[in-house]
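First comes the structure, then the notes that go with it.
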2 protein chains.
Amino acid sequence: MADQDQLYAMRHSLAHIMATAIQHLWPEAKFGVGPVVEHGFYYDVDLGDTKLSEDDFAKIEAEMQSVIQANNVFERFTKPVDEAISWAEQAGQPYKVELLNDLKRAGTTIAKDLNADELGTIAEGDSQVDEVSFYKNGDFTDLCRGPHVESTGKVGAFKLQRVSGAYWRGNEKNAQMQRIYGVAFATPKELRQHLDMLEEAKKRDHRKLGQELDLFLFSDMVGSGLPLFTPRGTVIRDQLALFTNSMRERYGFEKVWTPHITKKDLYEASGHWAKFGDELFLVKSQETSDELVMKPMNCPHHTRIYASRPRSYRDMPVRYLETTTDYRDEKTGELGGLNRVRALTQDDSHVFCREDQIEIEINNLLAAAGELYATVGMQLRVRLSYRDESDAYLGPQELWDAAQTQLKNAVVANQLDYYEQTGEAAFYGPKIDFMATDALGREHQVATVQLDFVQPERFGLDYTAEDGSKQQPVMIHSALLGSVERFMSVYIEHTGGKFPVWTAPEQIRIITLNQDDDVVGYAEQLRRQAFDLGLRVTIDNASESVGKKIRAAELYKIPYTVVIGQKEIETGQVTPRVRADMAVNEPIREHSFEEFLGTVANEARARVLKTSL
Amino acid sequence: MADQDQLYAMRHSLAHIMATAIQHLWPEAKFGVGPVVEHGFYYDVDLGDTKLSEDDFAKIEAEMQSVIQANNVFERFTKPVDEAISWAEQAGQPYKVELLNDLKRAGTTIAKDLNADELGTIAEGDSQVDEVSFYKNGDFTDLCRGPHVESTGKVGAFKLQRVSGAYWRGNEKNAQMQRIYGVAFATPKELRQHLDMLEEAKKRDHRKLGQELDLFLFSDMVGSGLPLFTPRGTVIRDQLALFTNSMRERYGFEKVWTPHITKKDLYEASGHWAKFGDELFLVKSQETSDELVMKPMNCPHHTRIYASRPRSYRDMPVRYLETTTDYRDEKTGELGGLNRVRALTQDDSHVFCREDQIEIEINNLLAAAGELYATVGMQLRVRLSYRDESDAYLGPQELWDAAQTQLKNAVVANQLDYYEQTGEAAFYGPKIDFMATDALGREHQVATVQLDFVQPERFGLDYTAEDGSKQQPVMIHSALLGSVERFMSVYIEHTGGKFPVWTAPEQIRIITLNQDDDVVGYAEQLRRQAFDLGLRVTIDNASESVGKKIRAAELYKIPYTVVIGQKEIETGQVTPRVRADMAVNEPIREHSFEEFLGTVANEARARVLKTSL
């Protein structure tokens, strides 16, 4: 694989090559900015009344290939800003004129409404500039910081992907331009892999699978961002919640329960009201004058339970666990499937501990997270976020230093893939963020472990130390799944809906060969036997052909299917059909039904991941 | 025991006797009304500036005993209303004057602001009256409907209980009077039993035990009626919820999940908004214009899940189960401990079925309720509520008739103690209400099973029948515990905090004999062994005497306590201490620790109720 700088230059050069092709095809085209993005590039163009669609991509791609075959050198030159403005005016490029004028006034102005990458295409640094650089390839010249590849022939493999509307400089009061995206990789093979991945991701879209597998729904009457879970979806929710809870219960966490609303006094005390007050759902009592809000997080509630009893050094750590639904007033436009919802169920937990207990507690949480993600088959990478030297952080410096060391020790002891970032800590304490890689190679931010030196102070929490003095505990916030809904969106796509036995909504489907009383009766007897083992089993007793019933079971991606007829009644043996992805190393064979159930129950209990995701 | 009419007359007569005594002691006393209430009676009196307290009870009771010993006959006579008014005026009884004037205008006026019992002390019927009756005993005469016992000597046993403020006719704009309550029974023995029960109930008050056993708390910052549950209380919540769910899962109910808020559109569609709109918590989005509310019930949400797929007659019944928290905007004054909260977690379920499936579904729900209440050791009694002939009910008459028959069949088949009440159905369908009797003989309304012919209509729910036609399903609402919080308040008092093993927050406490490393290590090893069996075990390793540690365990009413020292390590045997109430028929003996854990795990799994409540 090309190194990252080389790949960046290729993608950046492809943005210029696409602009060159567009100028060839639509000479009146006016250009905005054309940065590199993840997996590729885009360029914003104004083509007047001409509206592009994917149908135009073949034409643009063909013209781009001509430019590439010409193998023109990317030539760099500079001009004073005023000359550059004249050039842009003469070239009929008003957006470039606007950028250059801003740049002339002060480089920093631009930084506010263009992202760093876009800014990067124009000028280095962010202070006022005198000269700007240009790159020329063949008959096309663009204002640009670079870098580029040597010549247009050295750009690897690319494909145009989609076109969408984009307001100039992201402001809806400005002109609407067309943003054309392309993906690009160093080799055709890598491009192919990426396109296959995108194709697969489309098939696995959790909104699509959620509908096909009958997992969840939205209702106009209930409202956007407020999912409802069917019986099948609820099984997955519950299994994930049970698992994340059990990972921590073994380390002494205990479940608590708090209501979903509170007087806003609680968040005034915690400081959240001042910071996030306008992101909360407000709740109005019609019977009292209480001013309430829906809880967006659970830590302040948990401090109330901690504070309800006197605590001694021997009671510490106190560890609370609550998988509960928080409500955040997200803008409707930002909601999407389960990925971003307004009702998010957090697998939240809080440790109240002594300073000398931080390391072991973090260690336990890392071990729990490690086992959880190993079980679901995702690689973990963590970011350690430390404070910098600024005064933006609360709490004593020595406590920060000691805590940061303890955090790192625990990360190293758990042999986690990690990197460190200074200046990324929360103002209330250092933290660890977890990124999990799914089966398609996409990375998702999931779990988090955060130290908090501030809330114990604000709520006046204490414990009696061995010497009789009152001491302030440290709080450790953590969630291993993060939000159950968001994790479900990742998990559905990660598994492609081929859930392993422990999360499969329906683990076994019994299909009757016919509707004879003895067959139906036997199927029901087997179902009860499985139910008593805690297995999720259904019977398909429809008067359809066995083939049709098997296909129906396949549509729901059920791990095991068992056909029951007179033969099975006589022999007491079954030949289970195993879902294709799980059957790779498993020969199909006859079992007694008891033996079969025992195997399935063991897989469920052990949360076996047999599937090739 | 005296029959109920006789007891009623005794209590009613005691109200007169108390009034007689008060008039002897405070001749200026002005009387309001003095009805019979559950277990006794009260009288509202106006004593001007004299404020009564319990210290006055001995004096009043002594004077009442004199009246009783005089054994004066209760003489009945009547007067025309106008003469009665003159009598009351001369007697200096302005409240009686007011009542008589109202009575003269129209008997019905009074019914609106006095309860039936109070009205009953004055006149029969509710139409305008010409004559009113009086009862005279010795030197005391009272306007009264009767009935009374023959003479003051025949009133059984009584005790004054408490005095509280009460506005005349329940209206806070009226004069504040003093309400003196007494309890009364036919025999001293019955009175004693009742007073013992009250004494015991006081000790078992769930608010008191909730604090002593560290089960739940309220926080001023969170708000009234919004309980927070500690780890110990959460175990009980969770165990009860698991149990009530499992009782229905075996009958094919499946868990679903719905958010706690919804656009009010949903309740407009269901009709709840028009009926209960002002009892809901309103939720305001600051980011959108959505008008939301907190859900006060779950049926409309569940109809959305039902309606998200086409349903055929072969899919029916569809059975949803959700133990979820609903929010109701109760007035602060009506809140009390867990008995009445604003965050109530319902163990709610909904069946969508064909008309011919009602009986079997009701049957299953009754069986589930029967097993649940047998397990917690409470007797059940049910009320069958039918429609009357009025037009206050929606849905076809034939459906009502058939459904009421199916309801009764199921109740009879389950051999439940039942009674029937016509005119008590909900407007949307007939219902079954369950009353459970606790260990103190108090009856609590708990579970409910209600048919609903209206919501399926309002939401346009349907299924495809065998003949291809679209049919409307019937809904069956049911909750077996009712509200988990309210049931917990009953359950804590029913058990007196002596929870059986399956709900005990801490099932076993291991007490170390000393702090030697091997003892502490062994205790920890045993704890893990127990934890792996799913048991809730803690270690008390404090450097206190064993006696003190045992007493600490007793305060928490922990079922089993095990002391671990060198001897236990050597022999591998333990001699568990069993909580007194559970040990009645169980000799204390040595077990291997494994055997002991096995026994406890079995008790927990089987939800054994060994305790003598």
Side-chain angles (χ1 to χ4, degrees), chain A residues 214 217 219-224 226-235 237-238 249-250 254-263 265-266 269 278-288 290 292 294 300-301 304-305 307-309 314 320 322 325 327 329-332 342-343 345 531 542, chain B residues 214 217 219-224 226-235 237-238 249-250 254-263 265-266 269 278-288 290 292 294 300-301 304-305 307-309 314 320 322 325 327 329-332 342-343 345 531 542:
Chain A
D214 190 15
L217 55 125
S219 155
D220 286 343
M221 284 192 216
V222 174
S224 53
L226 297 169
L228 291 83
F229 290 82
T230 64
R232 288 173 187 275
T234 304
V235 166
R237 277 185 73 93
D238 284 358
E249 281 166 332
R250 72 163 66 153
E254 298 181 294
K255 285 163 79 182
V256 295
W257 189 95
T258 66
H260 303 86
I261 58 177
T262 172
K263 277 160 64 182
D265 307 38
L266 186 68
D278 54 359
E279 293 167 30
L280 303 188
F281 282 111
L282 306 180
V283 178
K284 188 174 171 301
S285 166
Q286 301 185 80
E287 296 286 357
T288 67
D290 286 354
L292 301 147
M294 306 213 61
H301 276 97
R304 299 301 80 213
I305 302 178
S308 70
R309 300 253 143 185
R314 285 197 290 121
Y320 296 146
E322 187 178 17
T325 308
Y327 287 81
D329 193 4
E330 306 279 357
K331 288 189 184 69
T332 313
R342 300 206 279 182
T345 305
F531 179 84
Chain B
D214 190 16
L217 54 124
S219 155
D220 285 345
M221 284 191 215
V222 174
S224 53
L226 298 169
L228 292 82
F229 289 82
T230 64
R232 289 173 185 274
T234 304
V235 165
R237 277 184 73 95
D238 285 358
E249 282 166 331
R250 72 162 66 152
E254 297 181 295
K255 283 162 81 181
V256 295
W257 189 94
T258 65
H260 302 86
I261 58 177
T262 173
K263 276 161 64 183
D265 307 38
L266 185 69
D278 54 359
E279 292 167 31
L280 304 187
F281 281 111
L282 306 180
V283 178
K284 189 175 172 299
S285 165
Q286 301 184 80
E287 296 286 357
T288 68
D290 285 355
L292 302 146
M294 306 212 62
H301 276 97
R304 299 303 79 213
I305 302 178
S308 70
R309 301 253 141 184
R314 285 196 290 121
Y320 296 147
E322 186 178 18
T325 308
Y327 287 82
D329 193 3
E330 306 279 357
K331 289 189 182 70
T332 313
R342 299 206 280 182
T345 305
F531 178 84

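First the proteins, then the strands, lettered A, B, ... as listed; each starts at 1.
Both the backbone and the side chain of A/S285 come within less than 4.5 Å of a heavy atom in chain B. Proximity to chain B involves both the backbone and the side chain of A/I305, based on heavy atoms less than 4.5 angstrom apart. Using a 4.5 Å cut-off between heavy atoms, A/R314 contacts chain B through its side chain alone, with no backbone atom that close. Only the side chain of B/D290 comes within less than 4.5 Å of a heavy atom of chain A; its backbone N, CA, C and O stay farther away. Neither the backbone nor the side chain of A/A307 comes within contact range of chain B; no heavy atom of the residue lies under 4.5 Å from a heavy atom of that chain. Only the side chain of B/L292 comes within contact range of chain A, with at least one heavy atom under 4.5 Å from a heavy atom of that chain. Contact of A/D238 with chain B is made through the side chain alone, with heavy-atom distances under 4.5 Å.
Residue with the most contacts toward chain B among A/L226, A/D214, A/D278, A/T258: A/D214 (heavy-atom pairs, distance under 4.5 Å).
The heavy-atom pair separating A/F229 from B/V256 by the smallest distance is O-CB, 3.4 Å. Closest heavy-atom contact between A/R304 and B/V222: CG-CG2, 4.1 Å. Of all heavy-atom pairs spanning B/Y320 and A/P231, the tightest one is CE2-CG, 3.7 Å. Listed here is the closest heavy atom pair of B/M221 and A/T262: O-OG1, 3.4 Å. Of all heavy-atom pairs between A/K255 and B/T234, the closest is O-CB, 3.3 Å.
Rounded to the nearest 0.5 angstrom, A/T288 OG1 and B/E330 CD are separated by 11.5 Å. Between the OG1 atom of B/T325 and the CH2 atom of A/W257 there is a distance of 4.0 Å, given to the nearest 0.5 Å. Atom CG of B/L266 and atom OG of A/S219 lie 6.5 Å apart (nearest 0.5 Å). One distance of note links CZ of A/F281 with NE2 of B/H260; it measures 13.5 Å at 0.5 Å rounding. The structure places NZ of B/K263 at 6.0 Å from CG of A/D220, a figure rounded to the nearest 0.5 Å.
A/R237 pairs by the salt bridge (charged side-chain N to carboxylate O under 4.0 Å, His left out) definition with A/E485, not counting sequence neighbours. Judged as a side-chain contact (heavy atoms from CB on, under 4.5 Å), and not counting sequence neighbours, the contacts of A/K284 are B/L282.
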